[in-house]
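Worth knowing before you read on, the calculation uses all heavy atoms, side chains too, and leaves out hydrogens, waters and symmetry mates. This is a predicted model, so every value here is computed, not measured. Labels below follow one simple rule: chain letters A, B, ... track the order of the sequence lines, proteins then strands, and each chain is numbered from 1.
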Amino acid sequence: MRYTLTTTIALIRDTFREAFARKIFWGLFGLSTLLILFFLFLLKIDLVEGAIATVSLFGRTANRTTDVDRLVRGIYGGIATFLCYWGMILAVFASGGLIPSILEPGRIELLLSKPVSRTHILLGRYVGNILVVSCNISFLVLGVWTILGAKTGIWSKTFLISIPVTIFIFAVLLAVVVLIGVLFESAALSTMVTIVLLIMSPILAQTSMMLRLLSSEWSRQIWRTLYYALPKVYDLGKIMLDAIQDETFAGYMPIWTSALFGVVMLSTALAVFARRDF
Amino acid sequence: MQSEYAIETFDLTKVYRSRWKRREVRAVDGISLKVPRGTIFGLLGPNGAGKTTFVKSLLSAVHPTKGSAMLFGRDAREPEARRPIGYLPENHRFPTYFTGIGMLDFYAALSGVDSGQRKKLIPELLALVGLEQWGSMRLGKYSKGMLQRVGLAQALIHSPSMLILDEPTDGVDPVGRRQIRDILTKCEEKGVTIFINSHLLVEVETFCREVAILHKGKVALQGKMHDLTAGKGYRLSVAQAPENLVDELRSKATSLTAKDGLVDFQFATRELVNEALDLVRTQHCEVEALTPTTSTLEEVFVRAVEK
């Protein structure tokens, strides 16, 4: 147990060290900081009796009387959507190389010579990678939440749900990165495949419309299979938005099917990694 | 489980099959080898003999197609079997973002050394390999020899019972080589088993107590260094030998060479060299030298792989 903990911490620390060295961590951190600074300095909100009197952006002022709560939730929704798509693309792009790098000849032999199971090595790397991205997501969300809360006096806790939801989406997508990385040792390919899945998600989410439009039963069946089998980033994003807007969400299906997809991808990656010769 | 052997392999076989073509390469072909505890064992072989695949099978980086391997009596496939092993791979590629200290800390942690111990051991190990001044520098700036030395420190940091070293002095200058040999000698004195995979025959000959020569995935020859290289014969150097004596000695000798008035005869046995000596004395010729000769490891190696 003591050895397991020491080893796990070492593997996670190594992932952070590599993320720092590759400027992945600081790149994501810099982007998050820019966004936080944007809300800190460029968005100015004047409140009069609980309503917004003026909103100033890039020095241009618009006089309006709007419900503050609506505006804040709108901003939160925008950031959550940004995190869900562009944030995930950036995170996947940044993480693509972290799995193939440990499989390089001359490095993997030494790792495997240590008294650590292959499953432990890969899971340590996976968890380390998730933590690197989680730090950045938490920094961005908490930063924006604090600034908007301080400026408007509205501390909407529902926005904080975007932290676990985006980390969950990233964990599912990272499982694909790990599998492709273990199979082909290619950072570019693992990034490409994962981004294709991200792009497919909003298209596949139009299931009810597509099922009406598709003419044959087999094509409808293929669509349904793809929709249920692949990760539902769009639906998860919608769940997150609904939660932020205090609206009810449709159900848990996108969560458990995406989780199942991630578990299958990660288990396959672990099985492939355990059987490979290096 | 205690075993008198550090390494035992039983019919260890590794067949590589290409994915698309039906071609097979038997990199390791039924090797059964026993390496006693506390010895310095050399694994030799020409390129492609299967040395690296054999070592990787011991460390579970390669899964054997058939047979099994044991490390100190434990199945080599178990991660725990690798705990008493320190390994320095050939063509290692330590991440360049590490400093010397960071790298040692990481691999020591993977070997189960706790944080307090690591803090104590890392400066000691850096000093041992002569890199105490360079511990805070990134590995990307290390020379090949420095990387080899920090690699050795990495293999030693958890006080292993066996070192498996793949070309340990590759790229190291003569002073560094001597330093590495001294470190390994100290390890031997402490009872550490040392398993060296090297193509430097002179180094293996001077350093190893036992050796196995692999050829085409099989053990072509195995034994104690002393037994393999000893007992070749005797060389008799005679000054100003007359022609009739040379002719008579030639019939008993296995070979002769003549240079600057000296004729060197090579005899296979002690009886033959004594008979030759009697003949030289009866002819009143002078003996310049009489020396027992041994095979060099290179000769043993060439004979083994050319069989």
(message) Counting only non-hydrogen atoms closer than 4.5 Å, does B:Ser60 touch chain A with its backbone (N, CA, C, O), its side chain (CB onward), both, or neither?
(response) backbone
(request) Describe, in one word, how the ring planes of A:Phe25 and A:Phe16 are oriented to each other, choosing from parallel (under 30°), tilted (30 to 60°) and perpendicular (over 60°). (result) tilted
(request) May I ask you to say whether A:Glu18 pairs ionically with A:Arg107, meaning some side-chain N is under 4.0 Å from a carboxylate O? (result) yes
(request) Taking the six-membered ring for Trp and the single ring otherwise, decide whether the centroids of A:Trp26 and A:Phe20 are under 6.0 Å apart. (result) yes
(message) Between B:Asp29 and B:Lys14, does any NZ, NE, NH1 or NH2 come within less than 4.0 Å of an OD or OE carboxylate oxygen?
(response) no
(message) Does B:Arg118 qualify as a cation-pi partner of B:Phe106, given the criterion of NZ or CZ under 6.0 Å from the six-membered ring centre and within 45 degrees of its axis?
(response) no
(request) Under 4.5 Å, counting heavy-atom pairs only, tell me which of A:Thr8, A:Val116, A:Ile121 racks up the most with chain B. (result) A:Val116
(message) Using a 6.0 Å distance limit plus a 45 degree cone around the ring axis, check whether B:Lys56 lies over the aromatic ring of B:Phe54.
(response) no
(request) Could you look at B:Gln154 and say if it's the side chain, the backbone, both or neither that has a heavy atom under 4.5 Å from chain A? (result) both
(request) Check whether any side-chain heavy atom of A:Ile137 sits under 4.5 Å from a side-chain heavy atom of A:Leu28, and report yes or no. (result) no
(request) With a 4.5 angstrom heavy-atom cut-off, could you sort out which part of A:Glu104 is near chain B: side chain, backbone, both or neither? (result) side chain
(message) Heavy-atom cut-off 4.5 Å, strictly under: side chain, backbone, both or neither for B:Phe98 against chain A?
(response) side chain
(request) Could you tell me which portion of B:Arg77 (side chain, backbone, both or neither) has an atom closer than 4.5 angstrom to a non-hydrogen atom of chain A? (result) neither
(request) Write out, in numerical order, the residues from residues 265-278 of chain A with a heavy atom short of 4.5 Å from a heavy atom in chain B. (result) A:Ala274, A:Arg275, A:Arg276, A:Asp277, A:Phe278
(message) Please identify, among A:Leu111, A:Asp14, A:Leu5, A:Leu112, the residue contributing the most non-hydrogen atom pairs under 4.5 Å to chain B.
(response) A:Asp14
(message) Just so I know, are the side chains of B:Ile85 and B:Ile164 near enough to count as touching, which here means a heavy-atom distance under 4.5 Å?
(response) yes
(request) Taking only Lys NZ, Arg NE, NH1 and NH2, and the carboxylate oxygens of Asp or Glu, determine whether B:Lys66 and B:Asp11 approach each other closer than 4.0 Å. (result) yes
(request) Go through the atoms of B:Val113 and report whether side chain, backbone, both or neither lie under 4.5 Å from a heavy atom of chain A. (result) backbone
(message) Looking at A:Arg13 and B:Asp105, is any side-chain nitrogen of the basic one under 4.0 Å from a carboxylate oxygen of the acidic one?
(response) yes
